[in-house]
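Here is the structure we will look at, set down as structure tokens.
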Amino acid sequence: MDQQRTAGAGGVPAGQPPDQESLRALWQEHRRWVAAILLAHKPSWADVDDLLQEVAVAVVRKVGDLRDANSLKPWLRAVAINAANAAARGGKKRAASLDAIGDSVVAGRIADGGAVPDGPETVRIRDEAARLMTLAMQLPDGYREPLLMKAVQGMSYREIGEVLGLPETTVETRIARGRRMLRELAEAPETAKV
């Protein structure tokens, strides 16, 4: 067998069932950016945690079949996009919970050690986060995806480029343009917004 066949993806031996520790380490390493991909592609009513579970199941079932470690990130990205698209086709449309988006931003600030004020300020932060996320979903995929990976997950240009298969300069340009488009959407009069 060739070297790549025995190396496998993410340290998991190719063609063999991966052990729990290898799977756990693999998922911990990639979970955050997979969540950003899901945020960029999911229907507004879909829950990111549910979609993450679907991707995790695919990882458990199929990662041992990957023959080349370099194919892991593109494969994970495709699985995430497919999970989001399947949710959209599923027709299980639920009411969008914009509060959940704001709650996750507030929870992220707490987890990062930032102080989140009580009362009206928390509500304002939650509402603004929900509004910006709704507007971000209007951006084209090529701009929305890297922008959310940077803004929500804090990934570097290099990390985003590796996931998307793009040069760092292209990622940097798309994020700058995405920010500009988002700013224009946010500053547009209410009557012009969709």
Side-chain angles (χ1 to χ4, degrees), residues 9-12 22-44 46-60 63 66 68-85 87 100-114 116 125-126 128-186:
V12 177
S22 296
L23 282 172
R24 184 175 291 115
L26 179 79
W27 188 241
Q28 286 301 108
E29 180 181 347
H30 299 289
R31 183 182 188 280
R32 289 184 64 203
W33 68 260
V34 169
I37 298 291
L38 290 169
L39 270 174
H41 291 278
K42 75 176 186 68
S44 61
D47 183 56
V48 172
D49 288 333
D50 290 344
L51 295 173
L52 275 169
Q53 287 181 356
E54 288 181 37
V55 175
V57 168
V59 168
V60 169
V63 75
L66 294 177
D68 180 7
N70 293 327
S71 66
L72 178 65
K73 287 182 179 181
W75 176 77
L76 273 174
R77 180 175 181 265
V79 170
I81 290 170
N82 288 342
N85 290 340
I101 296 168
D103 289 343
S104 67
V105 170
V106 171
R109 285 185 62 186
I110 292 169
D112 292 339
V116 178
I125 291 169
R126 182 181 302 126
E128 183 62 12
R131 184 177 86 86
L132 289 175
M133 184 61 77
T134 300
L135 291 174
M137 299 312 285
Q138 296 177 27
L139 298 176
D141 288 348
Y143 298 100
R144 179 178 65 233
E145 197 171 357
L147 180 62
L148 289 176
M149 293 171 89
K150 180 72 174 166
V152 176
Q153 298 301 329
M155 295 173 69
S156 69
Y157 295 129
R158 174 178 286 152
E159 291 170 325
I160 296 167
E162 288 173 2
V163 170
L164 300 178
L166 297 170
E168 283 183 60
T169 54
T170 301
V171 170
E172 190 172 355
T173 300
R174 286 187 183 183
I175 289 172
R177 288 180 182 165
R179 285 178 178 153
R180 187 182 69 237
M181 287 187 275
L182 184 60
R183 189 171 25 257
E184 289 169 0
L185 284 171

(message) Would Leu164 and Thr170 count as a side chain to side chain contact (heavy atoms under 4.5 Å, CB included) here? Give the steps.
(response) CA-CA 10 Å; Leu164 300 178; Thr170 301; over 6 Å; no
(request) Please step through side chain to side chain contact (heavy atoms under 4.5 Å, CB included) for the pair Ile175 and Tyr157, ending with a clear verdict. (result) CA-CA 9 Å; Ile175 289 172; Tyr157 295 129; 3.5 Å; yes
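Nearest heavy-atom pair, Ala58 versus Val79, reported as atom, atom and distance to 0.1 Å: CB-CG1, 3.7 Å. In this structure, Ala83 and Val55 approach most closely via the heavy-atom pair CB-CG2, 4.2 Å. Nearest approach of Ile160 to Pro146, heavy atoms of both residues: CD1-O, 3.8 Å. When all heavy atoms are compared, the tightest approach of Arg77 to Trp33 is N-CH2, 4.0 Å. Nearest heavy atom pair, residue Trp75 against residue Val59, reads CH2-CA, 3.9 Å. Pairing each heavy atom of Val34 with each of Ala80, the nearest pair is CG1-CB, 4.1 Å.
Rounding to the nearest 0.5 Å places CG of Asn70 at 10.0 Å from CD of Glu162. Expressed to the nearest 0.5 Å, how far CD1 of Ile37 lies from NE2 of His30 amounts to 12.5 Å. A distance of 5.0 Å separates CZ of Arg144 from CE of Met137, quoted to the nearest 0.5 Å. Rounded to the nearest 0.5 angstrom, Arg131 CZ and Glu128 CD are separated by 4.5 Å. Atom CD1 of Ile81 sits about 7.5 Å away from atom CG of Asn85, to the nearest 0.5 Å.
With sequence neighbours excluded, the residues that form a side-chain hydrogen bond (donor to acceptor under 3.5 Å, both in side chains) with Arg32 are Gln153. For Asp49, the side-chain contact (heavy atoms from CB on, under 4.5 Å) criterion is met by Arg31, Asp47, Leu52, not counting sequence neighbours. Under the side-chain hydrogen bond (donor to acceptor under 3.5 Å, both in side chains) criterion, Gln53 pairs with no residue at all, not counting sequence neighbours. Partners of Thr173 by side-chain contact (heavy atoms from CB on, under 4.5 Å), not counting sequence neighbours, listed by chain and number: Arg177. Annotation: side-chain hydrogen bond (donor to acceptor under 3.5 Å, both in side chains) contacts of Lys150 (sequence neighbours excluded): none. For the side-chain contact (heavy atoms from CB on, under 4.5 Å) test, no residue two or more places apart in sequence or in another chain qualifies with Glu29.
Arg174 places a side-chain heavy atom less than 4.5 Å from the side chain of Leu166. The side-chain heavy atoms of Leu185 and Leu139, taken from C-beta on, include a pair separated by under 4.5 Å. With contacts defined as side-chain heavy-atom distances shorter than 4.5 Å, the pair Met133/Leu148 qualifies.
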